[in-house]
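Below is one structure, written out as structure tokens; comments come after it.
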Amino acid sequence: MVKPRAIVLRTAGTNCDRETAYALSQAGFDACAVHVLSIIDRPKRLGEFEFLVVPGGFSYGDDVSAGKILANQLIHHLRDELNAFVAAGKLVLGICNGFQVLLKCGLLPRGQVGADGAADATLGWSDTGQFEDRWVHLRGDSDRCVFLARGDVITLPIANGEGKFVPREPAVLSRLRQGGQLAIRYADAEGRSNDSANPNGSVDHVAGLCDPSGRILGLMPHPERFVDATHHPRWTRGLADVAHGRRIFDNARAALN
Amino acid sequence: MTHRIEIRTQEGVSDPHAAGVAAQIRELGIDAVAGVAAVKLYFLTGELSADDARCVATELLADPVTEQWTLIETGDDAASATADPAGADGDGTGVIEVHLKPGVMDPVAGSTVAAIADMGLSVASVRTGRRYEVALRKPDPGTGEPKPATRRQERGAGPAEPPAQAAEPDGELLETIATKLLANPVIEDIHYARHTPPEARGQRYELQVVEVPIRELDDAGLEQLSADGELFLDLTEMQAIQAHYRALGREPRDVELEMIAQTWSEHCVHKTFRSDVVVRDADGAVVEEINNLIKSTIFAATQKLAKPWCISVFEDNAGVITFDEQLGKAVCFKVETHNHPSAIEPYGGASTGIGGVIRDPLGTGLGARPVANTDVFCFGPPATDPAAVPRGALHPRRVMRGVVSGVRDYGNRMGIPTLNGAVYFDRRYIGNPLVFCGTVGLMDRDKCFGAARSGDAILLVGGRTGRDGIHGATFSSGELTHTHETAFSHAVQIGNAITEKKMVDAICQARDAGLHSAITDCGAGGLSSAVGEMGAELGAEVHLDRVPLKYAGLSYDEIWISEAQERMVLAVPEENVDRIRAVFAAEEVEATVIGHFGTDDGHLRLYYDGTEVGDVDLAFAHEGLPRPRKEAVVERTGRPSPPPPRRSDYGETLLRILAAPNVASKEWIIRQYDHEVQGGSVVKPLVGADEDAPGDAAVIRPVLSSRKGLVIACGMNPRYGSLDAYQSALHAVDEALRNAIAVGGNLDRTAILDNFCWGNCAKPDRMGALVRAATGCRDAALAYGTPFISGKDSLNNEFRTDDGRTIAIPPTLLISAISVVDDAARCVTADAKEAGNHVFILGRTGDRLGGSHLLAVEGVETGSDVPPVDCPTNARTMRALQAAIESGCVRSCHDLSEGGLAVAAAEMAFGGALGVALDLAAMPTRGDAVGAACRLFAEDAGRFLVEVRPDQYDAFLRAVQNCPVGELGRVIDDGRVRITVGDARIDVSADDAKAAWQGTFAW
């Protein structure tokens, strides 16, 4: 069987591309990391792939604000190609810095690059005001999202400073909630969302957001950092039989069948 | 035309950074501040219309959800101060604006220029700045009119205000906040009103070759020349240079003198470590004469051990060992210090420290990909009274925050996990903090060696060259004084991690394609050092006018010695030049051929616009340094410490040790570092049931498809350094190794690294301690069978205050360990796992308390009776423990270090959210007279607590049968730390112990 092709879109300052490509290959993708400039040179190449992943890191050093400069490049150089990619029902995943990019270029929450109208939401500085690396519990909260089922409780690490989800206004939040787009929420080990399980003050405990089709997902936690039992911080306590991050990539693989 | 765009947080949106600044102002003891607003400033200069500027502000610079922007046009007139609403109407708001000095690296500016181009617009230049609007509380009604904040302009940026102005209380307040908290005058200008900086315009440079007359100087003249030229060379060295030029029959040119000074600097050639030493005892009798200190100690041990898995030791930028024969992979490791720059500009100093050490593995062999970082810091106590901080030194808290942020921002952006470290506090580090940064690299076995060939092009890659860091190598080799802050501001560099990240990505591709024959980093000494070392045998021809500059106006001499960051030099065969340039271009990294290796006579020749500006005989530069001779005095050790108070209940003592800054949790730092990027994390720096208890060492799998692991650990005990330097070295090695073994490391595949940070070794007592510590390193390496593969020293860590006192740091030796394990999934952690399991101690406890935390918290002045290290027994114990862990009969293991058994037991208990019940009667001791306090708190090396399941009881005891072992008790589930020793006891809750441990740095 031919493996579906996944592109890990990297640029200056991207730094989770290798492990993301590794996680994709473990889930049965033919994955490669490609520099955004070489796609801008030959935008048609994007059409060769079924799955676009924008990985974590500090694209362009988080200069101006996290993800902003790469988002700006996508808007001004790859808008049509990306919109065609999405319209073809292909999958898009943004992890951490990649989520920030998807949100700032419009692929989230509306599913379209450079969509007209004011931005719906942003990812701002965490309430703690600093970068933090820690593990969190998450709950799938959407019937639409193909990457994680509703009610699924998983644990993954976060590693960011600018990950606090902030919608423009309450009406936006209601619209996203009703549309099943608030795909992943911070929760406790039992899957209940509450303030103490929320690491950064994200509004409504949102950790991940999908587009109306459920085939574009952005999330702050890093699924590629939990694809082996020994990734878990308590594996020596016998607590990690399943690598939860694998599920996100396996589900993506299944959604392409 | 310059457009000034101010970006502020929207009404009703919280700004944690501004809140953090307000909190730190309160920490300074200033209560008059009601709140702070932080504003980002962008200055766009060029042919951009106001509409275009608005478009840039809306679509690029301001967050549409949380921020708002204001555009102010400032016209062509440079340095204009526009009317400033804040502060001008006397509403009690003060303004502080912070602008980078001209020429200081501004990473955001470059990214913004490129992003504006992506939008189809163009600007000539972008600059950024920060503005703080400080709301002051209304003064007491009794004191009269509220005063508006005084606004002043920094010298050089506008007309200076009369000095009387500075005395105004509000102006003083703002100045205090600005200089103590918000800005560093070394790299930044401060303005107390709206300020738009003039466009930086480089001056044109007219070539003028400078000769420095040296042949006719007398000794005083030579010393004067060394001082005036910031050469940091002593008289003998200056005389050697003089003789060389007399023989040549000409005067040196400035660049030649600079190059020799840099090549001969302590930083580059380690002349103290290579010196011959006469060692005397405290009575003045000669006890030993040493030829070449380092060769006869540390190198000698490595040579004698002759491990077949050592690939390249002490010759390249990092030490290289085999990682996996089947995979064909090797790893290399280097640890560096960046102390003096961090003392002056903590953020920039620390970030360029980590940036610099990353380039060491990258410049090893044909280039290794960085896979892990380490960081170890020494600071003054954070609670130091600000009045006790000498002039010219920064407060330890500011140093600590700056250093931690610098390592965080650079390491995280590089995508390298920072996963092991330590922090020590001591008053003697106040003026001279220590910042150790390490990097581990991964490379193919067949890429471990490189050598430039005659005819190879000299390819300079990475960032551009500016005036930053000039004289860094010589500066770091001297003492710090209270005036260094201003005198050596040019030695401070600011890093740009993304430039380095792009360079790493490109170099790894060039390496895999086999395009270059050698590579090295442009570190201390810049091009002078890099090209000089690569071309030592061949000579080289360099055209300095071809070096890309950040701004015009640099002289050939400045270009040659600049230590601008993020640059590497590659030797590239002529036929590969086009291909390698394409590789770098695809990653947007500048790569320029500036000359070639190989000259007829092996000299180095420098040209500028075709004119020869320098000719250095590299044989003289590399071999002509007179071999120094040092005097050393070894002081007496073993002076007994007074006994600590006897207690029946040591619970409170335990809690106080847990809260001591050296022992307390460093979670505040650890969480700010990404320790999981690259996806190979196996044992994290924090472990346990709540993922927040101390681990002994970090473990990673650098090759994701393999189970093979790397253990990374460190050991250091500056408290012992000034008491007994020899035992201190044994302790440091033992601690690094036992941390590595405690998680499952393999002693037979462990290499170690040394980093000596010492005071001024021209003083015989400092030199004596250095000799003893180096000897300890040799003896320990031989006893444990662990070779040194790399090392570095930083001497002259002394601070001279304005009243002439000298504060020397305690002799500080960091040992880093790297161990290769076959199956990372067999590693263990320090947290207790299940109630009912047995707890054993391995290793002997004695009755010496010198340098212990027990004496420190009891306020007893320590003697010099550091516990002696029994290396042979400890090595045997480590091998037995390793076998036990490999066979799977160890559930948890924690090494005993600061605070001894009681601290280790408490950490194990709260780490597992469990308890322990121990009786210390069965503890193996040295002699019979080991009392309760020693059993609980002595800090002997070579000891471990081990948790074993009942069904593994026999198997474990068989594994450790030839070692000192004692069965102490069990893991219990009632959450108590219960330790009995004769009539004395500890009985505290594990939660209280954890709270004490976590409370100190709950920042």
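Letters A, B, ... are given to chains in the order of the sequence lines, protein chains preceding strands, and every chain is numbered from 1.
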Where on B/T829 is there a heavy atom nearer than 4.5 Å to chain A: the side chain, the backbone, both, or neither?
both
When only pairs under 4.5 Å are counted, which of B/K502, B/E500, B/E587 shares the most heavy-atom pairs with chain A?
B/E587
Quick check against the 3.5 Å criterion: does A/N72 have a side-chain atom that pairs as donor or acceptor with the backbone of B/A115?
yes
I'd like to know which of B/M119, B/E834, B/Q10, B/K501 tops the heavy-atom pair count under 4.5 Å against chain A.
B/M119
Under 4.5 Å from any heavy atom of chain A - which part of B/Y673:
backbone
A/Q130 versus chain B, heavy atoms under 4.5 Å apart: side chain, backbone, both or neither?
side chain
Heavy-atom check, side chain of B/S111 versus side chain of A/I69, under 4.5 Å
yes
Heavy-atom cut-off 4.5 Å, strictly under: side chain, backbone, both or neither for B/H675 against chain A?
both
Using a strict 4.0 Å threshold on nitrogen-to-oxygen distance, state whether A/D228 and B/R707 make a salt bridge.
yes
Got a donor-acceptor contact below 3.5 angstrom from the A/H231 side chain to the B/G679 backbone?
yes
Hey, is the main chain of B/A825 close enough, under 3.5 Å, to the side chain of A/W235 for a donor-acceptor pair?
no
B/R701, B/M414, B/E67: which one forms the most heavy-atom pairs within less than 4.5 Å of chain A?
B/R701
Sidechain N-carboxylate O distance under 4.0 Å for A/R234, B/E691:
yes
Heavy-atom pairs under 4.5 Å with chain B: which of A/H35, A/R134, A/H222 has the most?
A/R134
Which atoms of A/T14 are under 4.5 Å from chain B, going by heavy atoms: the side chain, the backbone, both sets, or neither?
backbone
So, do A/W125 and B/D15 sit near enough that their side-chain heavy atoms are less than 4.5 Å apart?
no
Measure the spacing between CD of B/Q678 and CD of A/E224 and express it to the nearest 0.5 Å.
11.5 Å
Most heavy-atom pairs under 4.5 angstrom with chain B, which of A/L70, A/T20, A/D120, A/D133?
A/D133
Specify the closest pair of heavy atoms between B/V677 and A/N15, including all atoms of both residues, with the distance to one decimal.
CG2-OD1, 3.6 Å
Okay, B/D831 and chain A: the region with an atom under 4.5 Å from a heavy atom over there is both
Check against side chain to side chain contact (heavy atoms under 4.5 Å, CB included), B/D505 and A/R10
CA-CA 11 Å; B/D505 292 343; A/R10 71 179 186 88; 3.8 Å; yes
Looking at A/G13, A/G124, A/P233, which makes the most heavy-atom pairs under 4.5 Å with chain B?
A/P233
Mind ranking B/A114, B/A824, B/G688 by heavy-atom pairs under 4.5 Å with chain A and telling me who comes out on top?
B/G688
A/V64 and B/Y42: side chain to side chain contact (heavy atoms under 4.5 Å, CB included), yes or no, with the steps?
CA-CA 10 Å; A/V64 180; B/Y42 289 87; 3.9 Å; yes
Is it the side chain or the backbone of B/Q672 that comes within 4.5 Å of chain A heavy atoms, both, or neither?
both
Any donor-acceptor pair under 3.5 Å linking the side-chain atoms of B/E676 with those of A/W135?
yes
Within this structure, what is the OG-CD1 distance for the pair A/S65 and B/I7, rounded to the nearest 0.5 Å?
9.5 Å
Picking from B/V687, B/N412, B/L686, B/L61, which has the most non-hydrogen pairs under 4.5 angstrom with chain A?
B/N412
What heavy-atom pair brings B/C827 and A/T236 nearest, and what distance separates the two atoms?
O-CG2, 4.1 Å
Quick one: does A/D63's side chain get under 4.5 Å of B/T112's, heavy atoms only?
no
Salt bridge check: are A/K68 and B/D63 linked by an N-O gap of less than 4.0 Å?
no
Honestly, the part of B/N496 sitting under 4.5 Å from a heavy atom of chain A is neither
With a 4.5 angstrom heavy-atom cut-off, is it the side chain or the backbone of A/S38 that approaches chain B, or both, or neither?
neither
Per-residue contact mode, B/A18 against chain A (heavy atom under 4.5 angstrom):
neither
Are the side chain of B/R413 and the backbone N or O of A/G61 linked by a donor-acceptor pair below 3.5 Å?
yes
Evaluate the side-chain proximity of A/Q26 to B/S705: yes if any heavy-atom separation is below 4.5 Å, no if none is.
no
By a 4.5 Å heavy-atom criterion (distance strictly below it), what part of B/A689 contacts chain A: side chain, backbone, both, or neither?
both
Quick one: CG on B/L60 to NE2 on A/H76, what's the gap to the nearest 0.5 Å?
8.0 Å
Heavy-atom cut-off 4.5 Å, strictly under: side chain, backbone, both or neither for A/A23 against chain B?
neither
Which atom names give the shortest non-hydrogen contact between B/A586 and A/L37, and what distance separates them?
O-CD1, 4.2 Å
If I take atom CD from residue A/Q73 and atom CG from residue B/D118, how far apart are they, to the nearest 0.5 angstrom?
4.5 Å
Heavy-atom pair of closest approach, residues A/H232 and B/K684:
C-CE, 4.2 Å
What heavy-atom pair brings B/I498 and A/F58 nearest, and what distance separates the two atoms?
CD1-O, 3.7 Å
Is the shortest side-chain heavy-atom distance between A/R237 and B/R891 below 4.5 Å?
no
Scanning both residues in full, the closest heavy-atom pair of B/V65 with A/P167 reads CG1-O, 3.9 Å
Taking A/E132 for the side chain and B/R671 for the main chain, is one N or O donor matched with an acceptor at less than 3.5 Å?
no
